[in-house]
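Quick caveat, the model's predicted, so the values are computed rather than measured.
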Amino acid sequence: MIDGTAGVSGHRNADEALLDDPDALAERDPGGMLRHIASAGAQVRESAALAAEANLAVLGDEGRPRAVVIAGIGTAGRTGDVLATVAGPRCPVPVIPHRSAGVPGWVGAADVVIAVSASGRSPEALGAAEAAHRRGARLVAVGAPDSQLQSVAERARAPFIPVPRRAPARASLWALTVPVLLAARTLGLVKVNEADLAETAARLDADADRCRPTAESFVNPAKSLALGLAGSVPIVWGSSPLATVAARRFGDTLSANARYPVVSGALGEAGRGRVGLLDGVFGGLVEGERDIFADPDEERPAGTRLRLVLLRDGGLNPEEDADEPLAVEERRAEAVQTLAERRGVRCDVVTAEGGSALERLASLVAVPDFASIYLALAHGLDPMAVPAITEMKELANQ
């Protein structure tokens, strides 16, 4: 047990039995992170309604922009990745996520800036909103009501979409993402209709039910994934641009909720070097010491080992001008699974489902989101309270 002055507590080895004890899970999740993640479908519906009430039509009055910049940090910044991916290779203008203060030097009156902050006070979003106003760019802001960001938007006479803050930003991905997508739809950049939103919300509701705390590990995909990752160094790769966004999201939540170091990214990039991790001291070398006659689900090697999580899309994206032909993505995914198997590295696969890009993304995000929280709880960690984050803010503001 670790118990220091910084409020860090937990245990190094995962308590697997705890995951099938709903009362114990609730006790160790005082902030209700499981409940907040389970609200993802409701977030989609609520944010769509709030965006409909905002005056987004003014965004389209001046026609198509030269470029769209989505400014924010953390989960807010991830909304820009979602927009760029859902817009796809046929998007008529560049969609550029921006995670540092201000805006790129070229931004001007011909461009649109979407500033996103769950709290409404992040320096990145505030700086971008103020810079956009100074430079005459069209602005739309997304964040907590009655916040600094809303004040900046009002001074700029720009649309503001209020997103009530009921949870940490990392549990509010869908609440922040939907307004960004609908603002982009107003600009003619994405084709996201009400049916897409409804189906995405329904998908998130269904996955929340499958991953509920009362569902036992052997039928709960999130608990099973968490148990497989316990004690490992996770590698999360996405087979397509859409799946890569989900992979990086899983990296975010594993780090923040479960405090696990993670390698995440695109499978295409992995093939240029990172796939070599499967041969390394946490991969093939440690796995080579495994007793080949032992039960693969019971016996684990003495050292820390890799665990590969492969997020596979392989469905939509039939466009001829897609970044990667579907057949190439599928062959690459199969090759990596084969490599992992040959080296004894365990591999979990999450496969996208759904009829739209947004729903498919939701199907790749939901189960991993829950898994990150279950993994934290198995280690006795409160997934909401992250002492290091609080301390860093205090130290940085001294």
Side-chain angles (χ1 to χ4, degrees), residues 1-15 18-19 24-37 72-79 81 97 99-101 116-127 143-144 147-148 165-173 175-176 222 225-227 229-236 246-265 282 304 306-307 309 365 368-398:
M1 177 73 70
I2 304 168
D3 190 1
T5 57
V8 179
S9 62
H11 39 82
R12 191 176 190 280
N13 296 320
D15 181 355
L18 179 138
L19 294 189
L25 288 173
E27 181 180 344
R28 297 199 183 190
D29 185 22
M33 281 291 279
L34 284 171
R35 184 180 69 253
H36 292 312
I37 290 294
I73 196 75
T75 302
R78 197 62 72 200
T79 66
D81 299 331
R99 291 178 168 84
S100 55
V116 187
S117 169
S119 66
R121 60 175 185 270
S122 81
E124 293 79 13
L126 289 172
S147 62
Q148 293 170 266
R165 186 138 197 230
R166 301 189 178 97
R170 62 185 182 277
S172 306
L173 173 67
L176 298 173
L225 181 56
L227 292 175
L229 290 170
S232 72
V233 177
I235 298 180
V236 189
R248 292 192 170 122
R249 162 69 177 179
F250 195 18
D252 295 343
T253 57
L254 279 174
S255 296
N257 294 332
R259 284 62 138 180
Y260 265 53
V262 188
V263 177
S264 64
F282 300 111
T304 303
L306 298 180
R307 183 83 177 205
V309 181
V365 166
D369 270 4
F370 275 98
S372 71
I373 297 173
Y374 284 127
L375 185 56
L377 297 175
H379 283 286
L381 297 166
D382 180 348
M384 179 174 284
V386 185
I389 294 177
T390 303
E391 287 185 65
M392 182 175 176
K393 290 179 180 178
E394 291 173 351
L395 291 169
N397 291 329
Q398 286 181 354

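Not a single donor-acceptor pair under 3.5 Å links the side chain of Ser232 to the backbone N or O of Leu306.
Residues Pro168 and Met384 approach most closely at CD-CE, 3.6 Å, considering heavy atoms. Here the shortest heavy-atom pairing between Leu19 and Ala378 reads CD2-CB, 4.1 Å. Ser147 and Ser119 get closest at one heavy-atom pair: CB-O, 3.8 Å. When all heavy atoms are compared, the tightest approach of Pro30 to Glu27 is CD-O, 3.8 Å. Across all non-hydrogen atoms, the minimal contact from Ala246 to Val365 is CB-CG2, 4.0 Å. Nearest heavy-atom pair across Ala167 and Ser172 is O-OG, 3.7 Å.
For residues 368-386, the pairs satisfying salt bridge (Lys or Arg N to Asp or Glu O under 4.0 Å) are Arg249-Asp369, with sequence neighbours left out.
Shown here are the salt bridge (Lys or Arg N to Asp or Glu O under 4.0 Å) partners of Arg248, two or more places apart in sequence or in another chain: Glu269.
Between Thr253 and Ile37, every side-chain heavy-atom pair lies at or beyond the 4.5 Å cut-off. A 4.5 Å side-chain heavy-atom check between Phe250 and Leu225 finds at least one atom pair inside the cut-off. Here the side chains of Tyr260 and His379 are in contact, with some heavy-atom distance below 4.5 Å. The shortest side-chain heavy-atom distance between Thr75 and Asp252 does not fall under the 4.5 Å cut-off. Within the 4.5 Å cutoff, side-chain heavy atoms of Arg78 are placed close to those of Asp81.
Of the inter-residue distances, the one linking Leu375 atom CG with Asn257 atom CG reads 9.5 Å to the nearest 0.5 angstrom. Note that the NE2 atom of His36 and the CD1 atom of Ile373 stand 9.5 Å from one another [nearest 0.5 Å]. Of the inter-residue distances, the one linking Leu229 atom CG with Ile235 atom CD1 reads 11.5 Å to the nearest 0.5 angstrom. Distance CD1/Ile73 to CD/Glu124: 4.5 Å, rounded to 0.5 Å. In this structure, OH in Tyr374 is found 9.5 Å from CG in Asp29, a value given to the nearest 0.5 Å.
Of the candidates Glu391, Arg259, Met392, Arg259 is the only one forming a side chain to side chain contact (heavy atoms under 4.5 Å, CB included) with Val386.
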